[in-house]
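Because the structure is predicted, anything quoted here is derived from the model rather than measured.
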Amino acid sequence: MSPGGEDEIGSDHMSTGGENPGGDNPGGAGSTSTGSGAATATAVEDIRLEIPVQRPRRAENFVALCFVVSVLATIGLAITYSLGGQVQAEGALLGLGLGGMGVGVAAWGKYLMPQGPFVEDRHELPKPESDRRAFGAAFSRGSVAVERRGFLGKLLGAAIGVFSIVGIFPFLRSLYNPRPGNALDFTFFRRGSRLVRIDGRPVMADDVDVGGVLTVFPEGHAGDAVSQTLLIRASSVPITTLPGRETWSPHGYLAYSKLCTHAGCPVSLYQQQVQQLLCPCHQSVFTLLNGARPIFGPAPRLLPQLPIMDNGDGFLRAQSDFQEPVGPGFWERNTSTTLNPPKTAAGQ
């Protein structure tokens with residue numbers, strides 16, 4: 001270390017004490033008890049360790065706010081998921097959770113970390129005592145600069161921890177209940193249930209013209225996704241679609257589950273001229289008059305037919321629930337394309 005450097009060391013030490021910038025009083029440097037060479041190096045390191053904002057407290061508050069938002073959004077995501085889920089809400093909360101964490105980390109690095117440049121010339125070994133003390137002082141000051149961000153570090157850890165815990169919920173759920181179970185085995189249709197529209201109005205036998213189609217539900221459960229049924233009036237006289245179903249279609253009405261047997265999409269298109277039903281999701285086609293047998297597309301089995309009746313009061317009613325599970329086929333089900341197997345339990 002050059003003598004000039006020793007003068008600067010002394011001046012920095014004095015300025016820290018609020019007495020005198022050392023550059024103007026080299027003689028004062030020599031009078032300080034702290035080694036002058038160490039003080040010079042410390043001054044240089046201090047400049048490089050400075051953070052690039054004038055108000056670090058404001059930056060810390062912003063980073064902390066980002067992490068708090070991330071934690072709260074992730075907790076909200078967990079609650080929404082545990083209550084059954086809602087796609088839009090889950091997406092928004094997931095975005096806030098990840099976005100808050102990302103913005104906080106970026107702001108921390110940009111506004112609260114020393115920006116450098118950290119370039120140092122190579123020195124001869126062994127270093128003089130003055131350089132070692134300068135390095136120790138700089139290291140200590142740098143440690144203090146990092147330690148005072150401990151609160152932000154804890155918040156960041158909390159955000160990552162909460163997000164990680166919530167992230168394994170779907171995995172744990174898949175371990176707990178990997179199969180659909182009997183959720184699609186039964187609907188709300190019971191013997192005598194009136195067929196109603198989405199607004200709850202009962203359907204009468206003369207409400208639909210030949211060629212017309214309605215989406216109907218069991219009375220008291222309008223809008224139920226599993227019970228939704230297509231009611232088509234294919235003729236003005238009863239139709240027998242399959243053996244054993246001679247009384248299932250009064251006045252030419254046919255009722256089939258609206259859930260496609262491929263992936264559960266709604267079968268919503270009726271082509272009257274060719275008497276076919278079409279699922280627009282994956283183009284499965286079902287023939288209407290022979291039990292909704294699939295003739296094209298990936299659907300593996302017939303659409304379940306609902307037995308309906310007119311008991312004389314003019315209202316269309318269900319004779320019973322569907323005779324087989326509704327919805328898509330999966331590994332627990334028989335995927336026969338000839339005739340669906342009957343349910344093993346009546347459920348009503």
Side-chain angles (χ1 to χ4, degrees), residues 187-189 191-199 201-219 222 224 226-262 264-327 336-340 342:
T187 72
F188 287 108
F189 282 109
R191 180 171 179 81
S193 298
R194 291 194 296 185
L195 278 58
V196 300
R197 297 175 173 83
I198 185 65
D199 58 5
R201 290 185 297 140
V203 179
M204 302 194 69
D206 58 355
D207 281 353
V208 182
D209 296 329
V210 174
V213 59
L214 279 177
T215 298
V216 297
F217 305 87
E219 188 173 22
D224 179 67
V226 177
S227 302
Q228 58 181 319
T229 301
L230 274 179
L231 179 68
I232 308 111
R233 192 167 191 183
S235 174
S236 58
V237 298
I239 300 172
T240 300
T241 57
L242 290 171
R245 301 183 180 183
E246 288 79 7
T247 63
W248 287 22
S249 55
H251 310 293
Y253 283 101
L254 296 170
Y256 291 105
S257 172
K258 197 172 180 178
L259 303 183
C260 182
T261 54
H262 169 228
C265 300
V267 179
S268 54
L269 299 178
Y270 168 48
Q271 297 175 298
Q272 182 187 4
Q273 292 183 344
V274 293
Q275 297 292 4
Q276 292 177 347
L277 295 172
L278 172 65
C279 175
C281 288
H282 304 96
Q283 309 301 312
S284 292
V285 179
F286 306 86
T287 56
L288 187 69
L289 302 180
N290 64 349
R293 186 188 307 276
I295 59 173
F296 182 80
R301 64 189 184 103
L302 292 70
L303 289 175
Q305 183 176 356
L306 178 71
I308 58 176
M309 63 182 180
D310 176 4
N311 63 357
D313 60 0
F315 294 106
L316 294 179
R317 298 175 182 269
Q319 297 186 33
S320 66
D321 195 0
F322 290 95
Q323 298 299 302
E324 62 273 348
V326 300
S336 169
T337 57
T338 56
L339 182 64
N340 300 336

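Residues meeting the side chain to side chain contact (heavy atoms under 4.5 Å, CB included) test with P266, sequence neighbours left out: K258. Applying the ring pair (Phe, Tyr, Trp, His ring centres under 6.0 Å) criterion to F315, with sequence neighbours excluded, gives no partner residue. Here S227 pairs with D224 under the side chain to side chain donor-acceptor pair (under 3.5 Å) rule; sequence neighbours left out. Residues passing the side chain to side chain contact (heavy atoms under 4.5 Å, CB included) test with Q271, sequence neighbours excluded: V274, Q276. The side chain to side chain donor-acceptor pair (under 3.5 Å) search around S235 returns none, not counting sequence neighbours. Residues passing the side chain to side chain contact (heavy atoms under 4.5 Å, CB included) test with T241 are I239, R245, L254, Y256, Q305, sequence neighbours excluded. Judged as a side chain to side chain donor-acceptor pair (under 3.5 Å), and not counting sequence neighbours, the contacts of R317 are D313. For Q275, the side chain to side chain donor-acceptor pair (under 3.5 Å) test picks out Y270, with sequence neighbours left out. Residues passing the salt bridge (charged side-chain N to carboxylate O under 4.0 Å, His left out) test with R194, sequence neighbours excluded: E219. In this structure D199 satisfies the salt bridge (charged side-chain N to carboxylate O under 4.0 Å, His left out) test together with R201, sequence neighbours excluded.
Here ring-ring contact (aromatic ring centres under 6.0 Å, His included) pairs that include residues 229-250, with residues two or more places apart or in two chains, number zero. Sequence neighbours left out, the pairs with a member in residues 273-308 that pass ring-ring contact (aromatic ring centres under 6.0 Å, His included) are H262-H282.
Taking both residues in full, the closest heavy atoms of A255 and T229 are given as CB-CG2, 3.9 Å, listed atom of the first, atom of the second, then distance. Considering every non-hydrogen atom in both P202 and V196, the closest pair reads CA-CG1, 3.8 Å. In this structure, V210 and S236 approach most closely via the heavy-atom pair CG2-N, 3.9 Å. Listed here is the closest heavy atom pair of G264 and L259: O-CD2, 3.8 Å. A234 approaches L289 most closely through the heavy-atom pair CB-CD2, 4.2 Å.
Of the options P294, P298, C265, a side chain to side chain contact (heavy atoms under 4.5 Å, CB included) to S284 is made by P298 and by none of the others.
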Report task. Apply the test side chain to side chain contact (heavy atoms under 4.5 Å, CB included) to residues L242 and L302: give CA-CA distance (whole Å), side-chain angles for both, the deciding distance (0.1 Å), then the verdict. Result -> CA-CA 11 Å; L242 290 171; L302 292 70; 4.0 Å; yes

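Summarising the geometry, atom OG belonging to S268 is positioned 7.5 Å from atom CG belonging to L278; distances are rounded to the nearest 0.5 Å. We find the CG-CZ distance between D207 and R233 to be 9.5 Å, quoted to the nearest 0.5 Å. Here L230 contributes atom CG and L303 contributes atom CG; the two are 8.0 Å apart, rounded to the nearest 0.5 Å. Taken to the nearest 0.5 Å, the CD atom of Q228 stands 8.5 Å off from the CD1 atom of I198. Here the OG1-CG distance, from T215 to L195, works out to 11.5 Å after rounding to the nearest 0.5 Å. The OH atom of Y253 lies 5.5 Å from the CG atom of L316; values are rounded to the nearest 0.5 Å.
Residues L306 and T187 have side chains not in contact (no heavy-atom distance under 4.5 Å, counting atoms from C-beta outward). In this structure, the side chains of P307 and T247 stay at 4.5 Å or more apart for every pair of heavy atoms.
Side chain of E246 to main chain of G244: a donor-acceptor pair is present (N/O by atom type, distance under 3.5 Å, no hydrogens or angles). Although no hydrogens or angles enter the test, the distance criterion places no donor-acceptor pair under 3.5 Å between the side chain of S193 and the main chain of A318.
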